[in-house]
Amino acid sequence: MNELLTAIGLVLVLEGVLYAIAPGGMKNVMRSALETPDQTLRAAGLGAAVVGVFLVWIIRG
């Protein structure tokens, strides 16, 4: 459970840094996401999840 909370904390740090450094760029990303078809976003999300699980699997070995 401790590792899960650490991982969530790291995600929040990375996302917060992106908004702090480039708020305009993040707005553009959001605008682009709104214009992207649902199927494309779904596929990208699934792909990111698979890569994430693979990385954790390799690291935790």
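Any value given below was found using the heavy atoms of this structure, including those in side chains, with hydrogens, waters and symmetry copies removed. All residue numbers refer to positions in the sequence shown, counting from 1.
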Can you pull the salt bridge (Lys or Arg N to Asp or Glu O under 4.0 Å) pairs that have at least one residue in [range], sequence neighbours excluded?
{"range": "residues 45-54", "result": "none"}
{"range": "residues 15-24", "result": "none"}
{"range": "residues 38-48", "result": "none"}

For [X], give me all partners under side-chain contact (heavy atoms from CB on, under 4.5 Å), at least two apart in sequence or on another chain.
{"X": "Ile8", "result": "Leu4, Leu12"}
{"X": "Val17", "result": "Val13, Ile21"}
{"X": "Ser32", "result": "Thr36"}

Return each pair, listed once, that meets side-chain hydrogen bond (donor to acceptor under 3.5 Å, both in side chains) where at least one residue sits in [range]; pairs must be two or more places apart or across chains.
{"range": "residues 45-54", "result": "none"}
{"range": "residues 43-57", "result": "none"}
{"range": "residues 18-30", "result": "Asn28-Arg31"}

**Request:** Mind checking salt bridge (charged side-chain N to carboxylate O under 4.0 Å, His left out) for Arg60 and listing every partner two or more places apart, or none if nothing turns up?
**Result:** Glu3
**Message:** Could you work out, with salt bridge (charged side-chain N to carboxylate O under 4.0 Å, His left out) as the rule, every residue matching Glu35, not counting sequence neighbours?
**Reply:** none
**Item:** Whichever hydrophobic residues join Leu10 through chains of side-chain contacts under 4.5 Å
**Value:** none
